[in-house]
Amino acid sequence: MADPKGFMTTPRQEYPRRPVQERVRDWNEVYVPGALLPIINKQADRCMDCGIPFCHDACPLGNLIPDWNDLVSRDDWRAASDRLHATNNFPEFTGRLCPAPCEAGCVLAINQPAVTIKNVEVAIADRAWEDGFTPPRPPDRLSGRTVAIVGSGPAGLAAAQQLTRAGHTVAVYERADRVGGLLRYGIPAFKMEKRQLDRRLAQMRAEGTKFRTSTVIGGDITATDLKARYDAVILALGATAWRELDVPGRQLSGIHQAMEYLPLADRVCEGDLEVSPLSAAGKHVVIVGGGDTGADCLGTAVREGAASVTQLDIYPQPEAERDEDVEPWPVYPKIYRLSAAHEEAGVLGTAPAADADARLFAASTLHFDGGADGRVRSLHLVEVDERRRPVPGSGRTLPADLVLLALGFSGPDPHDGLIDQLGLALEPRGTIARDADFATNVSGVYAAGDAARGQSLIVWAIAEGRAAAASVDRALSGAARLRLPAPIGPYDRPMTA
């Protein structure tokens with residue numbers, strides 16, 4: 001603990017964002033380049049080095065947060081990088097994309113603003129790359145055992161890196177033309193520039209991990225053939241079965257799933273397309289769904305030049321502070337949060353009919369209306385109470401040339417062939433069933449990430465990948481106990497009240 005009074009003398013200061021009018025004209029990350037390092041030492045000083053650091057339990061990776069806070073406060077970046085990478089393969093991803101349940105569990109957050117753990121994490125990760133603290137770590141010798149991983153999102157990549165470093169020969173299969181899953185084609189570049197992903201993939205290739213893109217398991221290669229080729233298979237398919245909105249008018253043209261829309265914007269940034277065929281330019285856009293995916297659509301539509309953008313959230317507007325009776329510390333609370341995209345929409349006034357940040361809360365879609373051309377023209381909604389019952393007289397109509405459905409995902413696509421070909425057992429909610437070792441009902445086949453857990457956070461996906469890799473390594477090596485770290489079990493869940 002470098003400064004025992006830091007939490008009393010230093011106020012919380014977050015990574016400053018670029019001015020709205022500047023950042024909405026490009027796809028670069030929203031933060032001011034280089035503005036974090038000058039402030040981060042003092043922010044790390046705010047960590048109290050608690051006797052029982054609840055941030056450990058709030059983070060499924062078990063990140064050694066007080067350790068690397070202390071090291072950053074002392075300018076020992078190499079040691080901080082070592083502590084950080086000991087539990088997290090990809091801190092540059094989580095430091096940018098994770099909603100930071102660790103900060104909700106920070107002991108300081110009981111009665112003060114939490115330590116900026118997420119900012120310290122990304123500062124360490126970026127400094128590690130700049131100073132060469134993250135060289136490839138190929139294994140000293142190979143085990144002679146082979147593993148196939150289906151899916152190259154954070155769970156699949158984490159499992160691949162762990163198993164490669166343990167000496168196994170690993171091949172990652174990805175259906176898209178580039179590696180990364182939703183990190184590549186789902187997360188907008190203004191939240192994480194793809195160079196962050198590319199340099200980590202270069203490290204993994206140098207360590208020996210093989211990548212096979214544009215390959216659909218269950219189509220191009222049957223799942224049974226894949227299983228026959230490898231000693232073990234890990235399914236990290238993600239939760240790709242999106243939820244639908246079954247209301248009149250859904251069949252109209254111009255109504256799309258968020259994951260039909262967002263990848264096209266990413267492809268524009270990759271240089272594959274000059275303009276997205278679903279561009280929001282000049283259109284009145286309505287986003288149905290109040291989560292992070294909806295916010296990603298919001299920021300994307302703003303950058304594409306939408307005439308207006310409104311986001312509908314069926315839940316009532318949260319309070320600014322946690323309700324200690326309902327969600328006591330250290331539970332991650334549902335409070336009013338202002339993402340970069342909502343800040344942009346508020347400053348630009350993209351939704352005159354909505355609240356200041358473009359969201360309409362407690363709003364439920366009733367039906368869509370279209371024109372003679374079969375395209376959507378308007379969305380009819382109604383306000384709902386806490387039990388989602390319509391409030392009489394609260395109906396209203398919004399103009400809508402483009403509607404984006406961001407309602408979440410239920411599990412892996414049950415129709416892609418892989419599940420049937422392997423004969424995998426599923427849970428009632430549609431996710432892949434597995435036992436305490438992450439193993440499915442099919443011998444030698446394991447499941448990790450959203451495909452088995454259900455839609456979750458990136459930090460849980462990485463933890464799943466690491467834990468599944470530990471089980472696979474034990475099975476392949478014949479060891480009596482785990483040789484690799486397993487931060488979670490398949491049935492662990494976030495803390496709740």
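On a predicted model such as this, the values are computed, not experimentally measured, just so you know. These numbers come from the heavy atoms of this one structure, side chains and all, not from hydrogens, waters or symmetry mates.
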Polar side-chain atom of Q162 near backbone of A159 as donor-acceptor pair, under 3.5 Å: no
Tell me the closest heavy-atom pair linking A351 and V309, and the distance in Å. CB-O, 2.9 Å
Any donor-acceptor N or O pair under 3.5 Å, side chains E14, Q43: no
Considering non-hydrogen atoms only, spot the tightest contact between D266 and G186 and give its length. OD2-N, 2.9 Å
Can a donor-acceptor pair be found, under 3.5 Å and without considering hydrogens, that links the side chain of S279 to the backbone of S276? no
Does some side-chain heavy atom of V376 sit less than 4.5 Å from a side-chain heavy atom of L402? no
d(I234 CD1, L237 CG) to nearest 0.5 Å is 11.5 Å
I need the L422 CG to L235 CG distance, nearest 0.5 Å. 6.5 Å
Please identify each residue that fulfils side chain to side chain contact (heavy atoms under 4.5 Å, CB included) with S214, with sequence neighbours left out. D177
Determine whether a donor-acceptor pair (N or O, by modelled atom type, separation under 3.5 Å) exists between the side chain of S394 and the backbone of E383. yes
Check: R322 main-chain N/O paired with E327 side-chain donor or acceptor under 3.5 Å: no
Evaluate the side-chain proximity of N63 to H56: yes if any heavy-atom separation is below 4.5 Å, no if none is. no
Can L312 and I287 be said to form a side chain to side chain contact (heavy atoms under 4.5 Å, CB included), step by step? CA-CA 6 Å; L312 308 184; I287 302 161; over 6 Å; no
Identify the heavy atoms of A358 and A345 that sit nearest to each other, and give their distance. CB-CB, 3.5 Å
Tell me yes or no: between the side chains of Y185 and R178, is some donor less than 3.5 Å from an acceptor? yes
Start with the C-alpha gap between L183 and Q196, add the side-chain angles, then the distance that decides, and say whether side chain to side chain contact (heavy atoms under 4.5 Å, CB included) holds. CA-CA 10 Å; L183 296 170; Q196 309 289 349; over 6 Å; no
Test salt bridge (Lys or Arg N to Asp or Glu O under 4.0 Å) applied to R453 and D492, step by step: CA-CA 9 Å; R453 174 170 292 273; D492 290 339; over 6 Å; no
Regarding E174 and S152, is there a side-chain donor-to-acceptor distance under 3.5 Å anywhere? yes
Flag for E121-N88: side-chain donor and acceptor within less than 3.5 Å: yes
Over 12 foreign heavy atoms within 6.0 Å of CD, E319: no
Between the side chains of K283 and D401, is the shortest nitrogen-to-carboxylate-oxygen separation below 4.0 Å, so that they form an ion pair? no
Cation-aromatic face contact R388/Y315, 6.0 Å, 45 degrees: yes
Rounded to the nearest 0.5 Å, the CG atom of D385 sits from the OG atom of S364 at a distance of 11.0 Å
I'd like to know if D220 and R212 make a salt bridge, using a cut-off of under 4.0 Å between side-chain N and carboxylate O. no
Salt bridge check: are K194 and D198 linked by an N-O gap of less than 4.0 Å? no
Non-hydrogen side-chain atoms of L245 and F368 separated by less than 4.5 Å: yes
Is a side-chain N or O of W329 found less than 3.5 angstrom from the main chain of C106, in a donor-acceptor match? yes
Are any of the side-chain heavy atoms of T222 and L226 separated by less than 4.5 Å? no
Assess whether atom CG of D292 is packed by more than 12 heavy atoms of other residues, nucleotides or ligands within 6.0 Å. no
So does R175 pair up with D413, basic N to acidic O under 4.0 Å? no
Side chain to side chain donor-acceptor pair (under 3.5 Å): which pairs involve residues 332-341, sequence neighbours left out? Y332-R337, Y336-D357, S339-H342
Between E103 and K118, is there a salt bridge with N-O shorter than 4.0 Å? no
If only side-chain N and O atoms count, and only distance matters, is there a donor-acceptor pair under 3.5 Å linking Y15 with E29? no
Output yes when a side-chain donor or acceptor of R243 lies under 3.5 Å from a complementary backbone atom of F409, and no otherwise. yes
I'd like to know whether CD of Q251 has more than 12 heavy-atom contacts from other residues, nucleotides or ligands below 6.0 angstrom. yes
So, does R359 use its side chain to make a donor-acceptor pair with the main chain of Q311 at under 3.5 Å? no
Could you measure the distance from the OG1 atom of T94 to the CG atom of N89? Nearest 0.5 Å is fine. 10.0 Å
Inter-residue atom distance D126.CG - L36.CG, 0.5 Å rounding: 8.0 Å
Does the pair R199/E193 count as a salt bridge with the N-to-O cut at 4.0 Å? no
Evaluation steps, side chain to side chain contact (heavy atoms under 4.5 Å, CB included), between C297 and L262: CA-CA 7 Å; C297 292; L262 290 172; 4.0 Å; yes
Of all heavy-atom pairs between A35 and P16, which one has the smallest distance, and what is that distance? CB-CG, 3.5 Å
Going by distance alone, is a donor N or O of one side chain under 3.5 Å from an acceptor N or O of the other, for H380 and D369? yes
Cation-pi, Y446 ring and R434 (6.0 angstrom, 45 degrees): no
Hey, are the side chains of T209 and V172 touching, using non-hydrogen atoms and a 4.5 Å cut-off? yes
Counting distance only, does the side-chain N/O of R12 pair as donor-acceptor with the main-chain N or O of A114 below 3.5 Å? yes
For the residue pair F93 and I458, what are the closest heavy atoms and their distance? CB-CD1, 3.7 Å
Is any NZ, NE, NH1 or NH2 atom of the basic residue among E344 and R23 found under 4.0 Å from an Asp or Glu carboxylate oxygen of the other? yes
Once you round to the nearest 0.5 Å, how far does CD1 of I314 lie from OG1 of T365? 8.0 Å
Quick check: do M204 and L157 have side-chain heavy atoms less than 4.5 Å from each other? yes
Measure from the side-chain N and O atoms of E464 to the backbone N and O of G449, and report whether any donor-acceptor pair falls under 3.5 Å. yes
Mark yes or no for whether T300, through its side chain, and L298, through its backbone, hold a donor-acceptor pair below 3.5 Å. no
Give a yes-or-no answer on whether the side chains of R46 and T10 include a donor-acceptor pair shorter than 3.5 Å. no
